Asks: 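One structure is given below, represented as structure tokens, and several questions about it will come after.
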Amino acid sequence: MHEVKEVGTAELKYADKTYSYPVFEGSEGERAIRMGSLRQDTGLINYDPGYGNTGSCISDITFIDGEKGILRYRGYPIDVLANDCTFIEVAYLLVHGHLPNQSQLTHFSRLLNRKSLIHEDMRNFFKNYPEDAHPMAILSAMVVSLSSFYRELNMSVEEEIDLTVARLLSKIRTLAALSYKQSIGAPHVYPSSKLTYVENFLNMMFYTPVANYEIDPITVRALNKLLILHADHEQNCSTSAVRLVGSSGANLYASISAGICALWGPLHGGANQAVIEMLEQIHREGMTIDTCIARAKDKDDPFRLMGFGHRVYKSYDPRAKIAKKACEDVLNTLGIKDELLDIAVQLEERALSDEYFVERKLYPNVDFYTGITLRAMGIPTNMFTVIFAIGRLPGWIAHWLEQRDDKDQRIGRPRQIYTGPVKREIVPIEDRPE
Ligand code: ACO
């Protein structure tokens with residue numbers, strides 16, 4: 001891990017005393033105050049619900065400038081990676097810190113192929129879920145179950161890291177496709193060593209013994225791109241969940257399973273499903289764009305513009321730009337006319353010129369257009385967040401590994417300000433008020 005640079009001190013005046021804390025800087029000029037001793041020095045804690053202003057770690061993996069709309073993995077701009085690389089190259093980059101050369105890529109791809117099957121006994125698990133079980137529930141349970149089938153490897157040995165990473169990356173895709181096949185009561189399809197990562201996923205999702213299934217190269221290209229857009233996003237809710245669980249010493253599978261659960265929520269990765277459900281509702285109920293905007297602004301109405309707003313981006317999410325273009329490309333090339341895309345474009349145009357959204361710097365985020373693209377590929381709505389989880393996996397793994405090697409890291413354990421009753425006595429049950 002790269003070192004940070006000390007650039008000065010910040011002073012805090014409290015109760016007639018002045019305390020001094022070091023200020024340090026990362027490689028892109030972002031600064032932080034090292035205040036770990038604040039409570040010990042002053043008795044105060046830093047109250048920051050949602051951790052909007054809390055740096056939980058120093059990281060080499062991903063850089064975001066939310067004001068300028070910049071996103072880079074290991075120094076490479078997201079648009080360049082999305083155009084020039086495959087998801088597997090990007091996964092390798094995130095985990096290892098550098099893009100693979102040809103022999104590294106060949107080795108990694110072979111491992112992915114070799115590790116793509118799941119234990120046959122695990123396939124029985126699928127049978128006991130109700131038909132309408134959400135695939136995210138199944139996926140998180142299956143990923144943590146992997147820890148009972150595959151022993152924990154020595155993650156300080158490079159080869160064993162590669163093996164575990166390949167196992168997880170490869171099996172998550174098999175598990176995801178199996179959960180879909182199970183939900184529609186269709187026969188499970190095994191992975192094939194003749195297909196690439198994304199082709200394999202599509203084949204396991206859509207191949208059926210009773211019809212021809214051709215893997216469409218446009219869909220493969222677009223899905224590769226979407227997975228790359230999702231591959232990491234520094235300390236978001238699910239990555240922080242992975243790090244928090246990992247900080248207790250929990251194994252990689254358990255930590256990733258926690259990340260999947262965190263991602264499921266509609267304010268996070270579940271937003272891609274929520275966006276389509278919102279667009280369908282608008283279409284079904286014939287809501288006008290004006291009504292949607294008015295409802296989204298009304299604090300007494302639970303309706304929010306899903307796929308809009310972001311904790312970090314205060315300008316256009318760079319991923320949303322790429323996702324919008326990919327969406328238009330897929331629909332145009334496949335010759336699909338989707339009325340939901342028209343609604344989405346109109347909503348975006350209207351929101352971007354509305355004072356409420358302008359003042360709050362609310363722009364479309366990555367989820368606004370990805371759902372429409374996935375829909376065009378024939379992916380069912382309840383699988384959208386699963387695709388996000390497959391994409392985010394390399395990022396989660398990279399953060400778990402980085403944290404494990406970070407000497408500054410301790411078990412994650414925030415504080416609180418208690419506002420419940422002060423000490424009180426137990427009243428005998430017969431004397432308690434009715
Ligand atoms: N529609 C309407 N108003 C919104 C929206 C929205 N989508 N997003 C934020 N706002 C408003 C808030 O009500 C708040 O208004 P106020 O200042 O008058 O109280 C202001 O904008 C700031 O929003 P917060 O909720 O405080 O922002 P926060 O950083 O906590 O939340 C979040 C970010 C969760 C993404 C939020 O914008 C949201 O709920 N968006 C919709 C869900 C979504 O698309 N999530 C996906 C995010 S990307 C990802 O995780 C992959």
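Heavy-atom basis, side chains included; hydrogens, waters and symmetry copies ignored. Worth saying up front: this structure is predicted, and the values here are computed from it rather than measured. First listed ligand is number 1; within each ligand, the first listed atom is number 1.
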Asks: Would you mind running through ligand 1 and noting each atom that sits below 4.0 Å from a heavy atom of Gly307?
Replies: 43 (C), 44 (O)
Asks: Checking Glu89 side chain against Thr86 main chain: does a donor-acceptor pair fall under 3.5 Å?
Replies: yes
Asks: Which protein non-hydrogen atom lies closest to atom 3 (N) of ligand 1, naming both residue and atom, and how far is it?
Replies: Tyr356 OH, 2.9 Å
Asks: Check each of Asp367, Ile293, Asp298, Val312 against atom 51 (C) of ligand 1 and report the one with the nearest heavy atom.
Replies: Asp367
Asks: Using only atom types and a distance under 3.5 Å, with no angle test, would you say the side chain of Lys5 pairs donor to acceptor with the backbone of Gly26?
Replies: no
Asks: Got an N/O contact under 3.5 Å between Arg304 and ligand 1?
Replies: yes
Asks: With a heavy-atom distance limit of 4.0 Å, tell me whether Asn365 approaches ligand 1 through its side chain, its backbone, both, or neither.
Replies: side chain
Asks: Would you say the side-chain atoms of Glu199 and Thr196 include a donor-acceptor pair closer than 3.5 Å?
Replies: yes
Asks: Nearest to atom 17 (O) of ligand 1, what protein heavy atom do you find, and at what distance?
Replies: Arg360 NE, 3.6 Å
Asks: So which heavy atom in the protein is nearest atom 7 (N) of ligand 1, and how far is it from that ligand atom?
Replies: Leu305 O, 2.7 Å
Asks: With heavy atoms only and a cut-off of under 4.0 Å, state how Lys299 meets ligand 1: side chain, backbone, both or neither.
Replies: side chain
Asks: Counting non-hydrogen protein atoms only, what is the nearest one to atom 42 (C) of ligand 1? Give residue, atom name and distance.
Replies: Met306 CE, 3.5 Å
Asks: Taking distance alone, with no angle check, do Phe388 and ligand 1 share an N/O pair under 3.5 Å?
Replies: no
Asks: Charged N to carboxylate O under 4.0 angstrom, Glu67 versus Lys314?
Replies: no
Asks: Indicate whether the side chain of Glu402 and that of Ser59 have a donor and an acceptor atom separated by less than 3.5 Å.
Replies: yes
Asks: Can a salt bridge be assigned to the pair Lys337 and Asp342 using a cut-off of 4.0 Å between side-chain N and carboxylate O?
Replies: yes
Asks: How close does the nearest protein non-hydrogen atom get to atom 27 (O) of ligand 1, and which residue and atom is it?
Replies: Arg311 NE, 4.8 Å
Asks: Classify the contact between Leu362 and ligand 1 as side chain, backbone, both or neither, using a heavy-atom distance cut-off of under 4.0 Å.
Replies: side chain
Asks: Looking only at distance, does Phe308 have an N or O less than 3.5 Å from an N or O of ligand 1?
Replies: yes
Asks: Residue-level breakdown please: for Phe368 versus ligand 1, do any non-hydrogen atoms fall below 4.0 Å on the side chain, on the backbone, on both, or on neither?
Replies: neither
Asks: Does the N or O separation between Val366 and ligand 1 drop below 3.5 Å for any pair?
Replies: no
Asks: State whether any protein heavy atom lies less than 4.0 Å from atom 44 (O) of ligand 1.
Replies: yes
Asks: Would you tell me whether Glu348 and Tyr369 have side-chain atoms, one donor and one acceptor, within less than 3.5 Å of each other?
Replies: yes
Asks: Considering all protein heavy atoms, does one lie under 4.0 Å from atom 10 (N) of ligand 1?
Replies: yes
Asks: By number and element, which atoms of ligand 1 are closer than 4.0 Å to a non-hydrogen atom of Ala271?
Replies: 43 (C), 44 (O), 45 (N), 46 (C)
Asks: Closest non-hydrogen protein atom to atom 48 (S) of ligand 1, residue and atom name please, with distance?
Replies: His310 CD2, 3.6 Å
Asks: Spell out, as yes or no, whether a donor-acceptor pair under 3.5 Å connects the side chain of Ser37 to the backbone of Gln40.
Replies: no
Asks: If you measure only the distance, is there a donor-acceptor pair under 3.5 Å linking the side chains of Asn272 and Thr385?
Replies: yes
Asks: What protein heavy atom sits nearest atom 2 (C) of ligand 1, and how far away is it?
Replies: Ala296 O, 3.5 Å
Asks: Answer yes when Arg34 and Asp408 have at least one side-chain N-carboxylate O distance shorter than 4.0 Å, and no when they do not.
Replies: yes
Asks: Would you say atom 32 (C) of ligand 1 touches the protein, meaning some protein heavy atom is under 4.0 Å from it?
Replies: no
Asks: Of all the non-hydrogen atoms in the protein, which one sits nearest to atom 50 (O) of ligand 1, and at what distance?
Replies: His268 ND1, 2.9 Å
Asks: Considering only heavy atoms from C-beta outward, does the side chain of Ser255 approach that of His399 to under 4.5 Å?
Replies: no
Asks: Where the side chain of Ser170 meets the backbone of Arg167, is there a donor-acceptor pair that is under 3.5 Å apart?
Replies: no
Asks: Indicate whether the side chain of Asp329 and that of Thr333 have a donor and an acceptor atom separated by less than 3.5 Å.
Replies: no
